[in-house]
Amino acid sequence: MLALPLGGATLVMTSATPAVAQASLPAPYVSRALNALSLPIDDSVRDTFGLSMDDTGVFILATAPGGLADAAGLVPGDVVDFVRGEAILSPADLDAVVWSWINEGVSDFDFDGRRAGQAIAATTVITTEIWLTEITVTEISSWSSYSSESFSYESYYQEYSEEITESYSETLVEYSEESTEEMTSEESSEDMTDETMEGEAMEDEAMEDEPIDEEPVEEEAVDEGYDDGGDDGGDVVEE
C-alpha cells in the first residue's frame, strides 16, 4: 500500500489499483486467425504493457494452447502489425485480411511484428476448415496470458468476460454466414456449368442424329460426235 498526499486528502494505492488501469483498456477481441485474445494498440495499451510509440497494430494478450498463434511461435506480449505485407490497424482488421486471403485460395501466412522492441516474424497455415473450427470460449480464461506486477489477466478477464463472449459470438455468426454464402455460390456455379455442358452435349447429339439433305448433282451432257450444227459432233449422250 502506498499513501500519497493529495491536497487535504490522501490517495491510497492498493493492489486493486491495477484493476482501475485495466478498466481503461479497450475491450478484447477473440481472433479466429490467431486463436488468441488481442487488443488494438492505443495509448492506454502502450502505457499498461510498456510498449513504445513504434508499436502499432495488435497486442496479443492471451493465446490458446496448441492454437494458431502458439503454432506460429507467437506469445502473449507480442505485437503484430503486418500480415502478408499488409498493415494491420486492429484485431478485427487482422482477421478480415486473413479471411480475404483464404477466400483467394491462400493458406500460408506470414505475420510480422515486435517482441520487446525487437522485430519478429512468424508463419503458419490457415485453411477454411481451421478458421471455422469452434473456439471454446469458457477456456479463454485459462489460456496462456500476459501477466505482470501491474497487470492481472484474471482481473481483466472478469472485467470483460461478457465482451469476450459477445466478440466471439459475433464473428462466429459473421464468418459462418460468409462461408455458407461462398459455398452456395460455388455450388450454384458448378451446377450451372454442369447444366451448360449437359445442354451442349444434347445439342451435339441432336445434330448427329439429324439427317443431312444432299442436293442432287446434275449430270453434265457429253457431246460425242459431229452434228449439223457445225460443232463436228453427233448426238449428245447424257450419262
Side-chain angles (χ1 to χ4, degrees), residues 22 24-135 137 139-140 143-148 150-151 153 156-157 160 163-164 167-168 170-172 174-175 178-179 182:
Q22 288 163 196
S24 67
L25 290 171
Y29 180 93
V30 182
S31 171
R32 304 186 68 85
L34 294 176
N35 299 148
L37 196 64
S38 54
L39 302 174
I41 296 178
D42 60 12
D43 289 339
S44 66
V45 172
R46 292 189 181 93
D47 292 341
T48 302
F49 301 105
L51 304 181
S52 71
M53 292 303 296
D54 293 332
D55 291 319
T56 59
V58 172
F59 178 80
I60 299 178
L61 184 61
T63 58
L68 292 168
D70 192 17
L74 294 170
V75 300
D78 284 349
V79 169
V80 175
D81 53 7
F82 283 90
V83 176
R84 289 184 62 84
E86 294 190 43
I88 299 303
L89 302 178
S90 69
D93 189 27
L94 186 150
D95 274 19
V97 169
V98 171
W99 179 244
S100 176
W101 280 110
I102 289 176
N103 286 327
E104 293 293 330
V106 173
S107 59
D108 297 320
F109 288 90
D110 300 323
F111 297 92
D112 295 313
R114 293 160 67 88
R115 177 180 300 163
Q118 301 298 316
I120 59 171
T123 60
T124 191
V125 173
I126 309 175
T127 63
T128 302
E129 182 179 1
I130 293 174
W131 175 278
L132 295 177
T133 300
E134 188 171 350
I135 296 173
V137 182
E139 295 180 355
I140 294 178
W143 280 3
S144 302
S145 60
Y146 179 95
S147 185
S148 68
S150 61
F151 177 81
Y153 178 70
Y156 180 83
Y157 180 83
Y160 287 101
E163 285 84 349
I164 290 172
S167 166
Y168 176 69
E170 290 174 359
T171 59
L172 179 62
E174 176 185 355
Y175 289 110
E178 287 188 14
S179 178
E182 183 73 20

Worksheet, complete the sentence: For T133 and Y168 the tightest heavy-atom approach is O-OH, 4.5 Å

Worksheet item: Distance under 6.0 Å and angle within 45° of the ring axis: does R32 meet both against W99?
Response: no

Item to complete: Might you point out which heavy atoms bring V79 and F59 nearest each other, and give the distance in Å?
Response: CG2-CD1, 4.2 Å

Discussion item. Regarding S31 and D95, do their side chains bring together a donor and an acceptor under 3.5 Å, going by distance alone?
Written reply: yes

Discussion item. Working to the nearest 0.5 angstrom, can you tell me the gap between D47 CG and S24 OG?
Written reply: 8.5 Å

Item to complete: Would you indicate whether the side-chain heavy atoms of Y29 and P40 approach each other to under 4.5 Å?
Response: no

Worksheet item: So how far is it from D108 CG to T123 OG1, rounded to the nearest 0.5 Å?
Response: 8.0 Å

Discussion item. I want to check something: taking the side chain as every heavy atom from C-beta on, are I60 and V80 in contact at a cut-off of under 4.5 Å?
Written reply: yes

Worksheet item: What residues form a side chain to side chain donor-acceptor pair (under 3.5 Å) with S44, not counting sequence neighbours?
Response: D42

Item to complete: Starting at CZ of F111, measure out to CD1 of I126 and round the result to the nearest 0.5 Å.
Response: 4.0 Å

Fill in: Distance, nearest 0.5 Å, that separates OG of S145 from CG of L37
9.5 Å

Worksheet item: For the residue pair Y146 and F151, does the interplanar ring angle fall in the parallel (under 30°), tilted (30 to 60°) or perpendicular (over 60°) class?
Response: tilted

Worksheet item: So T56 and I41, side chain to side chain contact (heavy atoms under 4.5 Å, CB included) or not? Walk me through it.
Response: CA-CA 6 Å; T56 59; I41 296 178; 5.6 Å; no

Worksheet entry | Interatomic spacing from CG in L39 to OH in Y160 - rounded to 0.5 Å | 9.0 Å

Worksheet item: Could you walk me through whether V106 and R84 pass the side chain to side chain contact (heavy atoms under 4.5 Å, CB included) check?
Response: CA-CA 10 Å; V106 173; R84 289 184 62 84; 3.4 Å; yes

Worksheet item: Distance-only, no hydrogens or angles: does the S100 side chain make a donor-acceptor pair with backbone N or O of V97 under 3.5 Å?
Response: no

Discussion item. With rounding to the nearest 0.5 angstrom, report the CG to OG distance, D70 to S144.
Written reply: 6.5 Å

Worksheet item: Does a side-chain heavy-atom distance below 4.5 Å link I135 with W143?
Response: yes

Item to complete: Specify the closest pair of heavy atoms between L68 and N35, including all atoms of both residues, with the distance to one decimal.
Response: N-OD1, 2.9 Å

Discussion item. For a quick test of reading the model, state the closest non-hydrogen atom pair linking P91 to V58 and the distance between them.
Written reply: N-CG2, 3.5 Å

Response to the item:
Here the side chain to side chain donor-acceptor pair (under 3.5 Å) pairs for residues 109-122, sequence neighbours left out, are D55-R114, D78-R115

Worksheet item: Which pair of heavy atoms, one from T63 and one from A69, lies closest together, and at what distance?
Response: CG2-CB, 3.9 Å

Item to complete: Determine, step by step, whether V98 and V83 satisfy the side chain to side chain contact (heavy atoms under 4.5 Å, CB included) criterion, reporting the C-alpha distance in whole Å, the side-chain angles of both residues, the deciding distance to 0.1 Å, and the verdict.
Response: CA-CA 8 Å; V98 171; V83 176; 3.9 Å; yes

Worksheet, complete the sentence: Between T48 and L25, the two heavy atoms sitting closest are OG1-CD2, 3.4 Å

